[in-house]
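Notes follow once the structure below has been shown.
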Amino acid sequence: MLIIRDLVKRYGNFTAVDHLNMHVQRGQIFGFIGPNGAGKTTTMKIIATLLAPTSGQVMVDGVELQKDPIKIREKIGYMPDFFGVYDNLKVMEYLDFYGSAYGIEYRQRRRIAEDLLELVDLRDKKDAYVDTLSRGMKQRLCLARCLIHNPELLILDEPASGMDPRARAEIKGILKELKRMGKTILISSHILAELSEICDCVGIIDRGRMVVQGSVDHIVRRMEGEAVVRLKVLRDVDRAVKLLKEQPMVTGIVQEEQFLEVTCKGNDEELWKLLRTLVNSEIPVISFNKAEGNLEHIFMEVTSDEEMVL
Amino acid sequence: MKKWYYNPVLASSLKTRMRGWRTAASVTAYLGVMLFIAYIFFKIYIEAQAINGISVNANQSVGLQVYLTLAIIQFALILLITPAQTAGVVSSEREMQTLDLLLCTKMSSAAIIMGKLLSSLGFILLLIIASIPLFSLVLLFGGIALEDIAILFLFYIVTAFGVGSIGVFYSTLFKRTVVSTVVTYVTIFFLGIVSVVLGTYMMAMHYSQPSQPADYYIPFILYINPGVGLADLLSTQAGGQYVLPYGIIGLLIGQVGNIPQGWFQQLPFWVKNIGVISIIATLLLVISTWSIRPNKRMGARIWKVRRSG
């Protein structure tokens with residue numbers, strides 16, 4: 001759906017995007033992660049036809065950005081990292097305005113606007129002035145706005161920034177619904193835990209370069225190479241520790257009363273063998289949980305390292 | 001099917017601008033001020049007539065004087081109001097962070113600029129149209145024909161277009177509305193006052209040469225001043241009885257006129273004035289359109305695609 005090849009954007013001597021390569025499949029939610037100033041917004045603005053690249057190629061659904069930006073605008077819905085709402089318009093008028101700006105016929109855009117307000121749960125606010133909406137509602141309205149012309153690719157720049165947990169959960173729910181509807185979504189966010197929940201793929205960008213990209217599990221596995229298991233034993237903690245230390249796949253143990261955090265090499269099969277060893281040795285294991293991959297940890301790690309291709 | 005004449009920015013702006021009590025209150029206040037001034041001047045002229053004695057053309061004279069007064073006041077108000085209406089049209093979009101969203105749509109930069117300009121001028125047009133009944137009162141006294149009023153209003157519309165395009169131009173140039181508005185007013189001041197002073201000086205220098213040139217010379221700087229055009233128009237409509245063929249400038253330098261040569265020179269000054277203002281305004285709008293284009297390097301391609309599409 002979205003292919004970026006060797007994208008470069010320079011402002012004088014400063015290189016904001018440095019030979020960036022990216023590939024987003026149709027129907028995917030792609031998380032675009034990076035520290036402030038990494039080049040996320042610049043890249044998104046280039047895809048949204050708001051900035052001209054210095055060099056490189058951007059293709060959206062087979063259409064080359066530099067050759068037919070008008071066609072690209074029909075295919076994308078762009079939501080910047082700010083609200084951008086006209087306070088003197090009512091909610092319905094706001095959507096109607098953007099619908100007309102996309103050249104949608106009056107009756108059709110009214111119908112689409114009604115459906116979108118239903119999707120973002122703002123139907124009962126359709127006659128309210130935009131400035132009376134809460135921050136979360138405005139954000140949902142902006143999301144509805146970028147869907148008004150039924151784009152195939154959504155570019156969402158920090159859609160959940162500055163929102164409370166409830167509002168973030170609502171946005172997350174809407175994004176899952178959009179994925180179900182077949183939309184391709186490129187989303188940037190600082191809230192990495194949430195990204196790892198909803199994204200099929202993530203790409204980590206640092207200083208304008210794509211440091212790592214792939215599925216969340218894939219990245220975590222490849223980056224960490226080790227699994228962390230948290231287990232609790234009813235008694236015989238010392239014996240359990242001694243037994244674990246004897247296992248070749250175990251590389252580290254942290255003990256806190258009855259709780260043990262075990263770091264070990266290997267895949268899920270190895271973890272099962274470890275559990276079986278403990279149980280066969282009559283260690284009273286009452287919980288055994290594999291810790292999920294920590295995207296935040298990887299983000300911190302890779303944004304200070306050299307490029308890594310997976 | 002998309003209608004070619006439908007501009008979403010214009011439609012939306014008109015809707016939001018015209019709803020509520022503010023617009024109605026503004027028009028009422030505007031007409032109130034105009035009516036009050038007209039009444040004051042009417043009383044002054046009537047008193048003057050009473051002192052100087054009643055003549056056959058007394059009514060016509062009062063009517064003409066009230067008309068000229070109203071025409072000049074309305075012109076001054078247009079110069080005063082138009083920059084305030086137009087100098088923030090694009091910069092306010094930047095301040096509200098909505099410009100990028102507009103540029104992402106299928107609307108062209110030209111359509112956005114024209115929509116913004118026309119929606120601002122719509123309010124000025126409303127004021128101008130609302131003042132028609134006030135001007136029509138002058139017809140009761142005679143001395144001014146209906147077509148004179150029509151031409152005057154055409155002149156107002158072109159003036160508003162010219163001043164409005166200056167406001168739009170600066171609003172695309174500057175990010176902050178305050179800066180854009182101040183610079184627009186400074187430019188209007190330059191056009192209104194400095195150009196007259198400079199133009200008068202240039203004309204005076206030209207005609208004071210020892211060889212006493214008999215050519216038709218008006219410096220270009222005067223063509224861009226709508227005030228000089230208005231003076232010429234009003235002098236023409238008043239039958240030359242209040243101002244000389246060169247308008248205010250002629251009066252200032254004592255030049256009562258040489259016979260102009262060539263078709264362009266034979267056109268009334270005010271016609272050339274609105275022609276020059278229209279051309280400059282169009283150029284400013286073209287530059288404004290170019291400057292808000294999001295992706296200037298892709299601009300040529302967008303143009304090509306639009307033409308072929």
Side-chain angles (χ1 to χ4, degrees), chain A residues 9 41 44-55 58 63-90 93-106 108-109 129-131 142 145-146 148-149 151 155 157, chain B residues 1-23 88-89 92-116 119 290 292-309:
Chain A
K9 177 67 186 173
T41 299
M44 288 180 149
K45 279 192 162 188
I46 289 172
I47 303 167
T49 74
L50 291 170
L51 280 177
T54 306
S55 65
V58 177
V63 180
E64 199 173 332
L65 180 92
Q66 287 89 332
K67 284 187 178 165
D68 197 349
I70 303 287
K71 192 86 181 161
I72 297 279
R73 285 178 196 169
E74 289 172 17
K75 290 179 179 290
I76 60 160
Y78 174 56
M79 182 172 164
D81 56 349
F82 44 79
F83 288 138
V85 289
Y86 296 99
D87 289 346
N88 55 354
L89 284 179
K90 293 176 182 176
E93 290 171 346
Y94 179 78
L95 290 181
D96 183 68
F97 168 64
Y98 281 101
S100 62
Y102 277 104
I104 305 167
E105 191 265 329
Y106 178 75
Q108 193 187 352
R109 68 179 185 251
Y129 278 95
V130 172
D131 62 350
C142 286
R145 174 198 51 76
C146 70
I148 192 79
H149 58 298
I155 301 163
D157 196 358
Chain B
M1 190 182 156
K2 193 180 166 186
K3 298 177 180 74
W4 64 269
Y5 53 83
Y6 182 78
N7 186 310
V9 172
L10 175 62
S12 175
S13 299
L14 286 181
K15 188 194 284 180
T16 52
R17 191 184 281 265
M18 297 302 169
R19 77 171 155 215
W21 55 270
R22 278 188 192 169
T23 303
V89 289
S92 65
E93 290 276 344
R94 282 206 186 96
E95 285 168 348
M96 288 191 295
Q97 299 181 311
T98 47
L99 187 61
D100 274 357
L101 304 180
L102 262 185
L103 294 169
C104 271
T105 66
K106 282 173 73 181
M107 281 190 78
S108 65
S109 305
I112 293 169
I113 287 289
M114 284 314 291
K116 286 286 170 192
S119 62
W290 183 83
I292 68 157
R293 188 168 281 169
N295 200 333
K296 295 182 181 67
R297 285 180 59 203
M298 290 198 283
R301 182 65 204 169
I302 292 172
W303 170 243
K304 204 171 160 185
V305 168
R306 281 227 164 84
R307 284 188 69 190
S308 62

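Small disclaimer: the values here were computed from a predicted structure and weren't measured. All values below were derived from every heavy atom in this structure, side-chain atoms included, with hydrogens, water molecules and symmetry-related copies excluded.
- For a residue to count as touching a neighbouring chain, one of its non-hydrogen atoms must lie under 4.5 Å from one of that chain's; by this rule A/Q108 does not touch chain B.
- How far CZ of B/R19 is from NZ of A/K90: 5.5 Å, rounded to the nearest 0.5 Å.
- Here the CG-OG distance, from A/L89 to B/S13, works out to 8.5 Å after rounding to the nearest 0.5 Å.
- With sequence neighbours excluded, the residues satisfying side chain to side chain contact (heavy atoms under 4.5 Å, CB included) with B/T98 are A/Y86, A/Y98, B/E93, B/M96.
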Donor-acceptor pairs under 3.5 Å, side chain of residues 75-82 of chain A to any protein atom, not counting sequence neighbours: which ones?
| residue | atom | partner | partner atom | Å |
| --- | --- | --- | --- | --- |
| A/K75 | NZ | A/D61 | OD2 | 2.9 |

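- Taking each heavy atom of A/S100 and B/P8 in turn, the nearest pair found is OG-CB, 3.2 Å.
- Between B/T105 and A/H149 the shortest side-chain heavy-atom distance does not fall below 4.5 Å.
- Between atom OG of residue B/S12 and atom CG of residue A/N88 there is a gap of 7.5 Å, rounded to the nearest 0.5 Å.
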